[in-house]
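Just below is one structure, and these are the notes that go with it.
By convention here, the first residue in the shown sequence is residue 1.
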Amino acid sequence: MKILLTLADAGLETSDFLRSGNIVHDPSLDTAPGEQLLDALVLHGATGLITSRRPGDEVLHRWSQDIPGPKFLSYATGCAQPLGGTDIAESRHAGSSLETIATALGHCERHFAFTRPPQPLPAPAGAGNRDVVLIGAGIVNLVTAVRLTEDGFRVTVLDRSPAPGTAPWSAYGCSHAGDDARMFTFTEMDDYHNQDFHGTAPDLFRRPVEHNGWLARDPQSLTAEERGWIEEFERVPSWLARTYNEDIFSLGAEAAGEWARLRHRRPELFEDVVLADGILRVYTDADHLRAALARHRAIGALLRELPPAELARDHPVLARPVREGTLAGGLLVPGFTLNVHKFTRRIVDWLEDRGVRFHWDTEVTGVRRDASGAVTGFDCAVPVPGSAHVVASPGVYGPELLRGTPCEGKIHGVLGGWMRISNRATRLGNSLKVGRRGHVTEDANVTVGLDADGQEILIVGSGYGYTGAGTEPDERGLAAVRLGILDTIERLFPDRAGLRASSRAGDNYAFKYCIRPWTATSLGLYHAEATAGARLFVINGGHNTGGFAQAPAIAAAVLASLHGTPHPMHALYHPERFSAFMTDKEPPVPAAPLPSLAAGN
């Protein structure tokens with residue numbers, strides 16, 4: 001894909017918009033004759049055009065004939081009219097500011113994402129085409145299993161770990177390891193790239209966690225694949241990061257509706273799981289708070305603004321940090337939290353009551369393919385019938401399932417940790433989202449919950465630590481995340497700082513962690529391919545902090561695939577969305593070298 005951009009803006013050359021070789025910028029063409037514009041389109045093989053005025057119909061017809069495939073046109077002035085015999089999609093923009101150019105580029109890129117060849121369709125969902133095997137019993141596949149069971153599919157679930165609650169927490173993947181807390185907000189899954197037009201790519205994955213970075217490995221141990229993953233993260237330009245963010249949030253909004261419908265349809269799943277509605281977002285920095293307010297207003301996810309005085313009055317447990325200047329204020333947003341281990345046990349029981357078969361301690365170790373590349377079977381102690389559709393949501397623990405697919409190498413691990421404190425004195429009613437800009441636990445979740453004895457607790461979770469293609473953080477990364485969470489606890493709940501002693505002593509009850517699946521693009525992955533048996537093999541994952549939050553939207557996308565109907569996630573989370581767009585990229589801007597821990601960095 002090549003985009004010809006003829007608009008001029010005073011800040012365009014100093015932005016990162018033109019860092020990608022797939023954007024050709026030539027403002028001299030904005031007022032050039034039609035033939036000259038057409039010559040440029042053909043010369044560059046451009047399938048996108050962003051300009052100030054709509055070209056004449058003859059130019060557009062010639063462009064459609066001379067360049068194969070779908071095309072996109074965005075312009076500020078001109079009269080839109082249907083053009084028979086062309087494959088050009090048209091949109092209007094409002095000038096030539098950087099914001100306008102970013103929006104136009106985003107619309108163009110998204111158009112091509114949706115015009116990608118459609119994903120394969122299964123055979124009609126008749127009586128012989130209703131078996132589905134789910135690989136992985138994390139929250140995404142469990143919610144998917146509920147949706148498929150409701151729709152009449154016969155479901156089997158395979159998981160590499162023991163049955164939940166029967167082994168130490170370290171034996172499990174992300175949903176059943178870590179601690180008993182999950183949160184839904186409209187922005188729970190997010191984009192983490194540079195979104196400042198004049199900013200630079202963040203070096204988060206190049207700085208160790210103990211220096212407020214996101215690297216939980218010795219830099220010298222990183223493989224070529226892992227370094228490439230970090231470089232891909234840094235190559236996403238600001239305008240595309242904004243586009244990705246909008247798309248992630250749109251699927252978050254869909255998930256909100258799906259969660260509401262699931263709660264209405266199956267209230268029994270949400271009983272005794274410490275369900276708490278309404279998320280209180282609090283910020284230590286006034287500028288951060290103002291940006292958050294604007295962001296949540298823009299997406300319609302703001303219930304109430306809480307200046308410091310109101311925050312302290314309505315939430316007495318936070319009065320001291322407000323008084324001491326630790327908190328600059330907050331906002332109440334739609335969302336909920338629950339104790340996820342209790343919730344998953346509810347779902348497993350509900351599914352088993354309806355005939356769903358679970359096979360624990362059952363790992364799928366490989367995918368078999370024929371000479372053409374079509375899936376012919378799976379390596380597993382429990383046979384996977386060729387007549388069944390297969391849906392894999394492996395987290396970071398199933399790279400062998402991704403081999404031979406566009407998802408291969410795209411899911412890497414990022415550490416997250418949790419600690420518990422009591423919630424009995426000066427009780428916190430709403431779960432919190434804590435923004436600490438520039439801190440190792442920049443985004444912390446404080447979830448209200450109950451422990452195994454029924455005592456009220458707060459579960460404080462946060463931390464970002466890149467573990468790469470593996471799942472083992474180093475001790476320095478773990479220690480930095482643990483101390484970062486302790487610091488957040490001490491600043492927000494100073495009367496409960498006695499937790500520090502037991503945590504430093506290595507009490508596993510006080511600190512738990514899991515490795516979350518991430519992608520370099522911040523987009524989730526959704527891939528579907530036809531098997532040799534005319535069924536579907538679907539892979540989803542890489543949802544960073546939003547796997548739980550977007551689970552019911554993922555389930556809806558899976559159900560749509562099985563019924564042969566489109567869903568926005570099929571395009572927006574396509575694993576080749578970024579690589580297809582960046583095919584004609586220029587060499588990346590040289591980045592700072594990865595630091596050496598041995599050198600004292």
Distance-only polar pair, side chains of T441 and H439, donor-acceptor under 3.5 Å: yes

Between S74 and H107: side-chain donor-acceptor atoms closer than 3.5 Å: no

Test item: P208 and H211 side chains (from C-beta on) under 4.5 Å apart, heavy atoms: yes

Heavy-atom closest contact (T77 atom, Y75 atom, distance): O-CD1, 3.3 Å

For W214, the option from Y466, W518, F233 that meets ring pair (Phe, Tyr, Trp, His ring centres under 6.0 Å): W518

Member of Q550, H543, H527, H567 meeting the side chain to side chain donor-acceptor pair (under 3.5 Å) criterion with Y573: Q550

side-chain contact (heavy atoms from CB on, under 4.5 Å) between F153 and L562, worked out: CA-CA 10 Å; F153 284 89; L562 297 183; 4.0 Å; yes

Residues T100 and S97: side-chain donor-acceptor under 3.5 angstrom: yes

Presence of salt bridge, D285 and R290, under 4.0 angstrom: no

Full working for side-chain contact (heavy atoms from CB on, under 4.5 Å) between L523 and L572: CA-CA 8 Å; L523 299 171; L572 299 180; 6.0 Å; no

Salt bridge R535-E529, side-chain N to carboxylate O under 4.0 Å: no

Identified side chain to side chain donor-acceptor pair (under 3.5 Å) counterpart of R110 within the set T243, D247, T115: D247

Closest non-hydrogen atom pair, C407 against L402: O-CD1, 3.7 Å

Short side-chain to backbone donor-acceptor contact, H563 and T565, under 3.5 Å: no

Residue pair L37 / P55, side-chain heavy-atom distance below 4.5 Å: yes

Non-hydrogen side-chain atoms of E234 and F205 separated by less than 4.5 Å: no

Sub-4.5 Å side-chain heavy-atom contact between E99 and W239: no

N/O donor-acceptor pair under 3.5 Å between R19 side chain and R235 backbone: yes

Minimum heavy-atom distance between C174 and Y397, given as atom pair plus value: N-CE1, 4.4 Å

Aromatic contact, W259 with F186 (centres under 6.0 Å): no

Polar side-chain atom of T531 near backbone of L536 as donor-acceptor pair, under 3.5 Å: no

Taking every non-hydrogen atom, the tightest pair across G45 and K2: O-CB, 4.0 Å

Any side-chain donor near an acceptor of the partner, Y283 and R281, under 3.5 Å: yes

T467 vs V414 side-chain heavy atoms within contact, under 4.5 Å: no

Test item: S175 side-chain N/O and I139 main-chain N/O as donor-acceptor pair under 3.5 Å: yes

R368 side-chain N/O to V375 backbone N/O, donor-acceptor pair under 3.5 Å: no

Check: T376/D370 side-chain N/O donor and acceptor closer than 3.5 Å: no

No-hydrogen, no-angle side-chain donor-acceptor test under 3.5 Å, N245 and H193: no

Derivation and outcome, side chain to side chain donor-acceptor pair (under 3.5 Å), residues T185 and E188: CA-CA 5 Å; T185 64; E188 199 62 21; 2.8 Å; yes

Non-hydrogen side-chain atoms of P334 and L303 separated by less than 4.5 Å: yes

Nearest non-hydrogen partners of G95 and A76, listed with the distance: N-CB, 4.1 Å

Heavy-atom neighbours of E58 CD exceed 12 at 6.0 Å: no

Salt bridge E305-R297, side-chain N to carboxylate O under 4.0 Å: yes

F581/F112 aromatic ring centres below 6.0 Å: no

Step-by-step side-chain contact (heavy atoms from CB on, under 4.5 Å) determination, T521 to E232: CA-CA 7 Å; T521 62; E232 180 169 306; 3.8 Å; yes

Side-chain donor-acceptor pair present, S238, N194, cut-off under 3.5 Å: no

Residue pair V24 / L5, side-chain heavy-atom distance below 4.5 Å: no

Distance-only polar pair, side chains of H288 and E442, donor-acceptor under 3.5 Å: no

Contact check, side chains of L215 and V209, non-hydrogen atoms, under 4.5 Å: no

Working for side-chain contact (heavy atoms from CB on, under 4.5 Å), residues F578 and V236: CA-CA 8 Å; F578 179 73; V236 177; 3.7 Å; yes

Residues D87 and K71 bridged, charged N to O under 4.0 Å: yes

Distance (rounded to the nearest 0.5 Å) between I101 CD1 and L7 CG: 5.0 Å

Candidate pair N544 and Y192, rule side chain to side chain donor-acceptor pair (under 3.5 Å), full reasoning: CA-CA 10 Å; N544 58 61; Y192 293 87; 4.6 Å; no

S96 versus D9, side-chain donor and acceptor atoms under 3.5 Å: no

Side chain to side chain contact (heavy atoms under 4.5 Å, CB included), paired with L148, selected from V146, T144, D151: T144

Side chains of T405 and E408, donor plus acceptor under 3.5 Å: no

Side chain R242, main chain Q195, donor-acceptor under 3.5 Å: yes

Pairwise distance OG(S462) to CZ(R436) - rounded to 0.5 angstrom: 9.0 Å

Minimal non-hydrogen separation, I515 against G413, with atom names: CG2-CA, 3.5 Å

D443 side chain vs G435 backbone, donor-acceptor pair below 3.5 Å: no

Residue pair S561 / Y526, side-chain donor-acceptor N/O under 3.5 Å: yes

Modelled atom types, side-chain donor and acceptor of S64 and T86, under 3.5 Å: no

